[in-house]
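Scroll down for the structure; my scribbles are underneath it.
By convention in this document, chain letters (A, B, ...) are assigned in the order of the sequence lines, proteins followed by strands, and residues within each chain are numbered from 1.
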Number of protein chains: 2
Amino acid sequence: MTQLDLDERRSTEPPAKLGRPLDVTRDADILDAALDVLAEEGFDGMTIDMVAARAKAGKATLYRRWPSKTELVIDAVACMKNSDLNFEDLPDTGTLRGDLVAMIKPPTIRDAEKKLRVMAGLISLIARNPELAEAARVAVIAPRAEINRTFLQRAIDRGEISPDVDIAMVSNISPSMVTYRTMMLAKPVDREFLISLIDKIILPSVGLGAAA
Amino acid sequence: MTQLDLDERRSTEPPAKLGRPLDVTRDADILDAALDVLAEEGFDGMTIDMVAARAKAGKATLYRRWPSKTELVIDAVACMKNSDLNFEDLPDTGTLRGDLVAMIKPPTIRDAEKKLRVMAGLISLIARNPELAEAARVAVIAPRAEINRTFLQRAIDRGEISPDVDIAMVSNISPSMVTYRTMMLAKPVDREFLISLIDKIILPSVGLGAAA
DNA sequence: AAGTTCCGAAACTAGTCAGTTCCGTATATA
DNA sequence: TATATACGGAACTGACTAGTTTCGGAACTT
């Protein structure tokens, strides 16, 4: 069951005729709590009681809305999609380097780090749960590369870089190295690291080595 | 308790005076079984019974040798160190590209993939268990970057690339992108991908874009 | 106010699994 | 052969947790 399914379910029972209506904002609170616990404990370390306590809800309430722990987590991951970056207001500075540097903002970095912590808690499951894997890919993994793809395509269109650049490969450099640095090396992803990444790896790979 | 501790314990009871001696090769079988299960199920999915069954051993035997599941896993990870690549016989072809390409061998790739599957099953724990994190870093993470560092240093020494190259950054490109591709994108790491990685990302980042 | 529905809290069920104990057997020394 | 030791297997304990049920109360509708 996905968030969309829930919305649908509710739209078929119009504005709720009698008694207290199902509160949609309650769903969001619970999903947020689930993400917090997930980031701190991982999937197996997370218990339904933890989530209920964090959301100040009863365990029964969670089971009234989601049929199982797994479905709750899938839904939580799917709803993690656009917590920070809106695709509409991406920077457009006129240069590839300008666009990439403009993405380095503390809130964006924090958002990415939380998502990575959630991902870390899920990875061992992803190999065995295709539905969860799909939710994670759509919500977390794809958007990061998509933004880079957009920047690169713009740069090609304006003639800044060669159209022969392997966009698929280059757009994954930053997600790969940020993820590895966080999850494997446990080192901070700070502005200095990201600037180095742009100037020493990404720009040279598109032929903007010294010209930038 | 580490493998070293076990060896020590055994060396203090000389060649075992009476009865059946503790069989050191039995340890290796059990640790291998643990790695197999770990790679397939992840830490939380792995049970002691599974490991015992796979090693054709009794559960009690495992607990005679390791005090807990966690210690067993830490030991297994630590022993994963040099299953394939020996630091002595690294290729030395005379060019950076030659060295990097020479590392692309099916057995090496398979070995790396298994290690990555084990890592995937551990990541959510690594954030909460420093001892395990250290074992994983020493056995899996550090060696991969170390090899690249060696190749890069050689290239600097022979004047092939500039001494200003950020070795720490460049030596992590390949581990990062291979890990991400495997764990997040669930795409195969084949020869074609690795060649592209070398020619399109790594070599340009050290100033060998077209000259190679 | 009456009726309905959802709520949080808590008790409960059932299954799983880490870790322990026990036992009959196999293998080595002496 | 007698003895000591570690073995595999199986039964057991205790803790934990997913999921269910129950219940009194709160909030909304009419």
**Message:** Across nucleotides 18-24 of chain D, 5' to 3', mark each nucleotide with B, S or - according to how protein heavy atoms within less than 4.0 Å reach it.
**Reply:** SBBB---
With a cut-off of 3.5 Å and sequence neighbours excluded, list every side-chain donor-acceptor pair involving residues 29-36 of chain B.
from  : atom 1 : to     : atom 2 : distance (Å)
B:D29 : OD2    : B:R26  : NH1    : 3.2
B:D36 : OD1    : B:K114 : NZ     : 2.6

Let me check something: any side-chain donor-acceptor pairs from residues 50-57 of chain B under 3.5 Å, sequence neighbours excluded? List them with distances.
from  : atom 1 : to    : atom 2 : distance (Å)
B:R54 : NH1    : B:E40 : OE2    : 3.2
B:R54 : NH2    : B:E40 : OE1    : 3.1

Pair up each side-chain donor or acceptor in residues 169-177 of chain B with any protein partner under 3.5 Å, not counting sequence neighbours, and list the distances.
from   : atom 1 : to     : atom 2 : distance (Å)
B:S171 : OG     : B:I167 : O      : 2.9
B:S171 : OG     : B:A168 : O      : 3.2
B:N172 : ND2    : B:A168 : O      : 3.2
B:S176 : OG     : B:N172 : O      : 2.6

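With values rounded to the nearest 0.5 angstrom, B:D27 atom CG is found 4.0 Å from B:W66 atom CH2. Once rounded to the nearest 0.5 Å, the distance linking CG of A:N129 with OG1 of A:T70 reads 6.5 Å. Note: B:I201 CD1 to B:I198 CD1 = 11.5 Å, rounded to the nearest 0.5 Å.
With sequence neighbours excluded, the residues that form a side-chain contact (heavy atoms from CB on, under 4.5 Å) with B:Y63 are B:I48, B:K59. In this view, A:A136 and A:V77, A:M119, A:I126 satisfy the side-chain contact (heavy atoms from CB on, under 4.5 Å) rule, not counting sequence neighbours. In this structure, the side-chain contact (heavy atoms from CB on, under 4.5 Å) partners of B:A120, at least two apart in sequence or on a different chain, are A:I123, B:M183.
Across the protein-nucleic acid pair, B:R65 atom CZ and C:dG19 atom P stand 18 Å apart, rounded to whole Å. Taking atom CG of residue B:D29 and atom C1' of nucleotide D:dG8, one finds them 14 Å apart after rounding to whole Å. The nearest whole Å value for the distance from the CZ atom in A:R26 to the P atom in C:dC7 is 8 Å.
Residue pairs meeting the salt bridge (Lys or Arg N to Asp or Glu O under 4.0 Å) criterion with at least one partner in residues 164-179 of chain B, sequence neighbours excluded, are A:K200-B:D166. Identified under the side chain to side chain donor-acceptor pair (under 3.5 Å) test for residues 133-150 of chain B, with sequence neighbours left out: B:E146-B:R149.
A salt bridge between B:D75 and B:R65 is absent, with no side-chain N of the basic residue lying under 4.0 Å from a carboxylate O of the acidic one.
Taking each heavy atom of B:I161 and B:L152 in turn, the nearest pair found is CD1-O, 3.8 Å.
Computed from C1' positions of five pairs at each end, the angle between the two local axes of the helix from C:dA1-D:dT30 to C:dA30-D:dT1 equals 20°, rounded to 10 degrees.
Contact check of residues 50-58 of chain B against DNA chain D (heavy atom, cut-off under 4.0 Å) returns B:K56, B:A57, B:G58. Residues of residues 118-126 of chain A that place a heavy atom closer than 4.0 Å to DNA chain C do not occur.
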